[in-house]
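Below is one structure, written out as structure tokens; comments come after it.
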Amino acid sequence: MRTGIFVGSFNPFTIGHDSIVRRALPLFDRLVIGVVGDNVHKPDMPPAEERIRTIADLYADEPRIMVKVYSGLAMDFAKAEGAGFIVKGVRTVSDFEYEQWQADFNRRLGGIETILLYTEPELASVSSSALRELQHFGVDVSSYLPQKS
């Protein structure tokens with residue numbers, strides 16, 4: 001069984017994240033979305049259970065997608081899930097540079113390959129941090145959040 005993981009804090013889970021999931025799914029028999037557990041560096045983050053429930057509800061009709069909490073290194077989570085691949089989304093050159101060195105460590109230390117999916121051009125400006133800032137100022141960001149189809 002070919003398994004991949006897609007990890008992040010997903011605070012919030014955006015239409016950009018959804019695009020990566022939907023584009024990665026045909027590559028795998030099973031895709032595990034790993035939600036970073038409660039993070040001391042981000043104390044205002046909603047509880048992991050709340051973020052997991054939101055994402056799991058979105059993909060409730062897709063049996064190949066599982067949503068789980070994780071902590072620690074993504075390569076360790078991948079190994080625990082029997083995954084040979086980590087899926088990452090890339091929006092910018094700086095994203096690529098960061099993911100490149102992470103991919104090297106994941107491959108060298110964990111034997112886990114990284115698959116980079118480039119953001120669709122119309123979603124390049126969508127980021128969780130930008131949405132949180134807009135929400136802080138009272139802007140309705142619902143059009144940037146995926147809706148169950």
Hphob cluster co-occupancy, Val126 + Val21, side-chain heavy atoms under 4.5 angstrom: no
Kindly check if the number of other-residue, nucleotide or ligand heavy atoms within 6.0 Å of CZ (Arg2) is above 12? no
I'd like to know if the side chain of Asn11 pairs up with that of Ser9 as donor and acceptor (distance under 3.5 Å, no hydrogens or angles considered). no
When every non-hydrogen atom of Ile86 is compared with those of Ala78, the smallest separation belongs to CG1-CB, 4.4 Å
Would you find more than 12 non-hydrogen atoms of other residues, nucleotides or ligands less than 6.0 Å from Glu62 atom CD? yes
Measure the OG1-CG distance between Thr119 and Asp95 for me, rounded to the nearest 0.5 Å. 7.0 Å
May I have the step-by-step check of side chain to side chain contact (heavy atoms under 4.5 Å, CB included) for Tyr59 and Ile33, ending in yes or no? CA-CA 10 Å; Tyr59 301 112; Ile33 300 173; 3.9 Å; yes
Closest heavy-atom pair, Ser127 versus Thr14, reported as atoms and distance to 0.1 Å, is C-CG2, 4.4 Å
At what distance, to the nearest 0.5 angstrom, does CG of Leu123 lie from NE2 of His17? 11.0 Å
Phe85 and Met1: same hydrophobic cluster, using ILVMFWY side-chain contacts below 4.5 Å? no
State yes or no: do Val141 and Ile15 share one hydrophobic cluster built from I, L, V, M, F, W and Y residues joined by side-chain heavy-atom distances below 4.5 Å, directly or via other members? yes
If you round to the nearest 0.5 Å, how far is CD1 of Ile115 from CZ of Phe28? 4.0 Å
With rounding to the nearest 0.5 angstrom, report the CD1 to CG distance, Ile112 to Asp76. 9.0 Å
About how many Å separate CE of Met66 and CD1 of Ile55, when rounded to the nearest 0.5 Å? 14.0 Å
Check against salt bridge (Lys or Arg N to Asp or Glu O under 4.0 Å), Arg53 and Asp57: CA-CA 6 Å; Arg53 186 173 42 256; Asp57 288 350; 5.5 Å; no
Validation row: Glu81, Lys68 side chains within 4.5 angstrom (heavy atoms): yes
Checking side chain to side chain contact (heavy atoms under 4.5 Å, CB included) for the pair Leu145/Phe13: CA distance, chi angles, key distance, verdict? CA-CA 7 Å; Leu145 304 175; Phe13 191 83; over 6 Å; no
Under 3.5 Å donor-acceptor, Arg30 side chain and Ile65 backbone: no
Do Leu31 and Thr3 come within less than 4.5 Å of each other through their side chains, counting heavy atoms only? no
Could you give me the CA-CA distance, side-chain angles and deciding distance for Val87 and Leu117, then say whether side chain to side chain contact (heavy atoms under 4.5 Å, CB included) is met? CA-CA 7 Å; Val87 176; Leu117 294 178; 4.1 Å; yes
hydrophobic_cluster_shared for Leu116 and Leu27, side chain cutoff 4.5 Å: no
Shared hydrophobic cluster, Leu109 / Trp101 (ILVMFWY, side-chain heavy atoms < 4.5 Å): yes
To the nearest 0.5 Å, how far apart are OG1 in Thr54 and NZ in Lys148? 12.0 Å
Please work out which of the three classes, parallel, tilted or perpendicular, describes the rings of Phe10 and Phe6, given edges at 30° and 60°. tilted
Measure across Ala48 and Gly37 and return the closest heavy-atom pair with its distance rounded to 0.1 Å. CB-CA, 4.0 Å
Answer yes or no: is there an ion pair linking Asp18 with Arg22, defined by an N-O contact shorter than 4.0 Å? yes
Start with the C-alpha distance between Val7 and Phe77, add both sets of side-chain angles, then the distance that settles side chain to side chain contact (heavy atoms under 4.5 Å, CB included), and finish with yes or no. CA-CA 9 Å; Val7 296; Phe77 180 63; 3.9 Å; yes
For Ser128 and Pro12, indicate whether the former's side chain and the latter's backbone hold a donor-acceptor pair under 3.5 Å. yes
Flag if over 12 foreign heavy atoms under 6.0 Å of OH, Tyr144: no
Whether the side chain of Arg51 engages the backbone of Met45 through a donor-acceptor N/O pair (distance < 3.5 Å, no angle test) should be reported. no
